[in-house]
Amino acid sequence: MVFFITEWLSADLVALLTLSALAVAGLVSPEEALAGFSNPAVVTTWAVFILSVGLSRTGVAAWIGRQVLKLGGGGEIRTLLVLMLVSALLSGFMNNVGVAALMLPVVLDICRRTGLHPARMLLPLALSAHLGGMTTLIGTPTNILVSGILLDYGLDPYAMFDFTPFGLVIVLAGVFYLVAVGRRLSPWQEDIGGFETSDHDMSEEFAIEERLFVVALPQDSQLDGYSLGRSRIGAVLGLNVIGLMRAGHTALSPDADTILHGGDRLLVTGRVDILNSWNRTPQFKIISHHIPPEYLTSDAVELVEATLPSGSELVGKTIEQLHFRQQYGSIVLSVWRNGAPLHYRMESVVLQQEDRLLLQVTKGQVEVLKNTSGLDIHPAEVEKYLLDEAITLIKITPGSNLCNQTIAESHLGDAYHLGVLGIIRNNVVKLLPVANETILSDDQLLIKVRPEAIKILEALHRLEIDYDAHPSYTDMESDMIGLQEVVISPQSSLPGKTLRDAHFREKYGLSVLAIWRSGTTRRSGLRDMKLRFGDALLIFGPRDRLHLLSTEPDFIPLTEEGQVPPRIKRAPLAALIMVAVVLTAGIGWIPIALSAVIGGTLMVLTGCITMGEAYRSIEWKAIFLIAGMLPLGTAMQTSGTAQFLANAMVDKIEPYGIYALIAGLYLLTMLATQVMPNPVVTVLMAPIALSTALDLGYSPYTFLMVVAVGASSSFLTPVGHAANILVMGPGRYKFSDYFKVGLPLALVILLLVVFVLPIIWPL
């Protein structure tokens, strides 16, 4: 529980560690530890993911969603009512997150046409998806799990529509609350104009015009003849070049190979103050261009040579891939190859057999390197490497942007193409500085740098801001160039990575101008910001590349035009398959797990989806999470833990009556699911609820229904459920918005659980 709440480790890894600990401790047998991966609940869950994407890719669900706009008629209340009922209906048979992702472009299109702000619609969309998931067995993994736990206890599982009567009560009550009260708690109390069918509103929402300005290259600029990529304008100054203006013509979204000329004017987004600071104060001044290699040695540091022998495990890898500094405790100064030294961009050099590496290393580490396989260490012939041609001594000037930053934060290597080999401070030389070493004013740095890089940095000081130019977002678009807002999808591999790590610009040829996260817009330092699921990104570039981005599973475009065209001809087949799955499972002809697997297989066989799409649709993190945690439920049952906790609950609450016990069970489950994954809460609470019911002589079906509803009531925080996070960026929500709207809804459901559920499922 500590790991789940703190998120020190990913949830799926915690589940696998739980499985491993239970097996090693002997609390479950090896067969029981691994049984979760073949558990019908797990099989049903991943099969439903496939069925959901089949309905999505063939356009069935989108067609249903588009009817919202027609039925809504433009009025807010009517539109909101239809939207929530449709999303609840879809969520009964599709994954909740899939419904939210599918309906996002539809809702935003409604908002553009009606002038409503998305915040009025998107949170109700996510909440109604939660509510709709409570209406059928396959509506949410929580329902599937509680049904499977009944089976594990030797009881008949829930049928397909056993959840429907009480689920419909919850949906109707929840929709009524959201229309009558919840929408009044929305962070946007007034309609906001400008939400029309246009990309312009995106630049306004992200306040791009505040950072849009023009810079000019002097006629005699040293950047004349350099490509835009080599100019380092983006890396060093944090500027996104939107367009290049020359001879009265503007070329939007110039690529990295575009050649600059003196007198060019650049339309850019970025921070004017950083450029002004750069122009006012030189970041450093050069002390000497040629420093002898003796400066790189001391009583504790020496230079050695390492040869890659035949069969070395380092051959074919780059120094960056090897994490050479961290793994071998040394810096590669140069590589001797084909009779000449290579000095620059060492991290990207692919090592070859018989390469000789000149290393800067502590004397204590030399013995370690000698015992390292893949490297032959011997004294260095330093003179032949001509290091004095590559090493420069610079001094950090007072007021420099580099002051008080660590070496890692300054990005001297990536942005400036400078490799820091040593720091001289107060006449004391510190060699092999670590990445978290702070750079101070008046420090002298021993650096390895191309002469060309110094020339470029000097040229950047001469960029001039054109204060007479007043560009607007209309200058950023054309028939070929445009803007697109996307969110990070649940299946994305990007969370935890930066745009730099993902090589976003190189891979897609597009620029990220802003990121909306947790109620704020970030427009600077984007390349080094670790991405999160649910981030909303404003992307700029050629429209054909923007369209190509929509085919990537990492992103969900927020316009219907940006979506991949559905396979409309396969829509009847997909709908028929889904109906068959529901009916065969509903009448009990085929178990739901088998029915769902057959349905998913038919989705692929009939061409509704490809096998690759089927694999990508499965949230493997959720599957491993559930499979890894199921043995804990078994251990809680067999070890007596569930009985122990049930007795504790009964002792504390049962004296206040059965209704208090039901309320306590719901509240405990509901609160836990705000900070832990829903399946985990279900696995923890279901055995306790079952033991409590059996001990007191009550129906286990009623008590497990309380757990299922409580575990699906993740309304209070954005991190409670992936659907909540997904709408956070497009809706511009803050953390507090979820609590403000979700708490009354949770209390409404509490009343229903206490007073209505026992009528439908007698105690």
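Along the sequence shown, the residues carry numbers beginning at 1. Since this is a predicted model, take the numbers as computed values, not measurements.
- Between the Asp12 side chain and the Ala622 main chain, no donor and acceptor come within less than 3.5 Å of each other.
- Between Thr673 and Gly710, the closest heavy-atom pair is CG2-O, 3.6 Å.
- For Phe624, the CZ atom sits in a loose shell: 12 or fewer heavy atoms of surrounding residues, nucleotides or ligands are nearer than 6.0 Å.
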Give every donor-acceptor pair under 3.5 Å between a side-chain atom in residues 121-138 and any protein atom, sequence neighbours left out.
{"unit_1": "Ser128", "atom_1": "OG", "unit_2": "Ser87", "atom_2": "OG", "d": "2.5"}
{"unit_1": "Ser128", "atom_1": "OG", "unit_2": "Pro124", "atom_2": "O", "d": "2.9"}
{"unit_1": "Ser128", "atom_1": "OG", "unit_2": "Leu125", "atom_2": "O", "d": "2.9"}
{"unit_1": "His130", "atom_1": "NE2", "unit_2": "Asn724", "atom_2": "OD1", "d": "2.8"}
{"unit_1": "Thr135", "atom_1": "OG1", "unit_2": "Gly132", "atom_2": "O", "d": "2.6"}
{"unit_1": "Thr136", "atom_1": "OG1", "unit_2": "Gly92", "atom_2": "O", "d": "2.3"}
{"unit_1": "Thr136", "atom_1": "OG1", "unit_2": "Gly139", "atom_2": "N", "d": "3.1"}

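- In this structure, Leu531 and Lys497 have side chains that are not in contact, with every pair of non-hydrogen atoms separated by 4.5 Å or more.
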Between Tyr666 and Ser713, is a side-chain contact (heavy atoms from CB on, under 4.5 Å) present by the stated rule, with each step listed? CA-CA 9 Å; Tyr666 169 79; Ser713 300; 3.3 Å; yes

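- Looking at Thr164, its side chain does come within 3.5 Å of a backbone N or O of Phe161 through a donor-acceptor pair.
- Contact record, Ala11 with Pro677: CB-CG, 4.1 Å, taken as the closest heavy-atom pair.
- The local environment of CZ in Phe3 is sparse, with at most 12 non-hydrogen atoms from other residues, nucleotides or ligands closer than 6.0 Å.
- Close placement of the Tyr158 and Phe163 rings is indicated, their centers lying within 6.0 Å of each other.
- Between the CZ atom in Arg545 and the CZ atom in Arg543 there is a gap of 15.0 Å [rounded to 0.5 Å].
- In this structure the side chain of Tyr738 reaches within 4.5 angstrom of the side chain of Tyr733, judged on heavy atoms.
- Residues Ile598 and Val581 have side chains not in contact (no heavy-atom distance under 4.5 Å, counting atoms from C-beta outward).
- For the pair Trp516/Glu485, no side-chain contact is recorded, criterion being any heavy-atom separation below 4.5 Å from C-beta on.
- Legend: side chain to side chain donor-acceptor pair (under 3.5 Å) pairs involving residues 566-595, not counting sequence neighbours, sorted by first then second residue: Arg567-Glu613, Thr584-Ser595.
- The closest donor-acceptor contact from the side chain of Thr682 to the backbone of Asn678 lies under 3.5 Å.
- Using a 4.5 Å heavy-atom threshold, the side chains of Met685 and Leu668 count as touching.
- The minimum heavy-atom distance linking Ile725 with Pro718 is given by the pair CG1-O, 2.8 Å.
- For the residue pair Thr58 and Ala574, the shortest heavy atom distance occurs at OG1-CB, 3.4 Å.
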Chi angles and distances behind the side-chain contact (heavy atoms from CB on, under 4.5 Å) call for Ile170, Leu752: CA-CA 7 Å; Ile170 290 177; Leu752 296 175; 4.2 Å; yes

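- The line from CZ of Arg517 to CG of Leu537 is 9.0 Å long, rounded to the nearest 0.5 Å.
- To the nearest 0.5 Å, the span separating CZ on Phe555 from CG on Asp535 amounts to 10.5 Å.
- Rounding to the nearest 0.5 Å gives a distance of 9.5 Å between CG of Leu55 and CD1 of Ile609.
- Without hydrogens or angle criteria, Gln484 side chain to Leu546 main chain gives no donor-acceptor distance under 3.5 Å.
- In this view, Ser511 and Arg505 satisfy the side-chain hydrogen bond (donor to acceptor under 3.5 Å, both in side chains) rule, not counting sequence neighbours.
- Looking at heavy atoms from C-beta onward, Leu684 lies in side-chain contact with Met636 at the 4.5 angstrom threshold.
- Judged as a ring-ring contact (aromatic ring centres under 6.0 Å, His included), and not counting sequence neighbours, Tyr615 has no contacts.
- Within the model, atoms CZ of Phe739 and CD of Gln674 stand 9.5 Å from one another, a figure rounded to the nearest 0.5 Å.
- With sequence neighbours excluded, no residue forms a ring-ring contact (aromatic ring centres under 6.0 Å, His included) with Phe533.
- Atom CE of residue Met84 and atom CG of residue Leu172 lie 11.0 Å apart, to the nearest 0.5 angstrom.
- Partners of Phe49 according to the ring-ring contact (aromatic ring centres under 6.0 Å, His included) rule, which considers only residues two or more places apart in sequence or in another chain, do not exist here.
- Other residues, nucleotides and ligands contribute only 12 or fewer heavy atoms inside 6.0 Å of the CD atom of Glu320.
- A heavy-atom distance below 4.5 Å is found between the side chains of Ile626 and Leu630.
- Nearest approach of Gly600 to Leu51, heavy atoms of both residues: N-CD2, 3.6 Å.
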Run the side-chain contact (heavy atoms from CB on, under 4.5 Å) check on Leu22 and Leu632 step by step: do they pass? CA-CA 7 Å; Leu22 292 169; Leu632 181 60; 4.0 Å; yes

Please assess Ile592 against Ile144 for the test side-chain contact (heavy atoms from CB on, under 4.5 Å), listing each intermediate value before the final yes or no. CA-CA 9 Å; Ile592 181 58; Ile144 299 171; over 6 Å; no

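- The backbone N or O of Ala614 sits less than 3.5 Å from a side-chain atom of Ser617, completing a donor-acceptor pair.
- Between Trp761 and Tyr701, the ring planes lie parallel to each other; the angle is under 30°, not in the 30° to 60° tilted range.
- Side-chain contact check for Lys734 versus Asp737: some heavy-atom pair is nearer than 4.5 Å.
- Considering all non-hydrogen atoms of both residues, Leu704 and Ala689 come closest at CD2-CB, 4.4 Å.
- Looking at Asp501 and Thr498, their side chains do bring a donor and an acceptor atom within 3.5 Å of each other.
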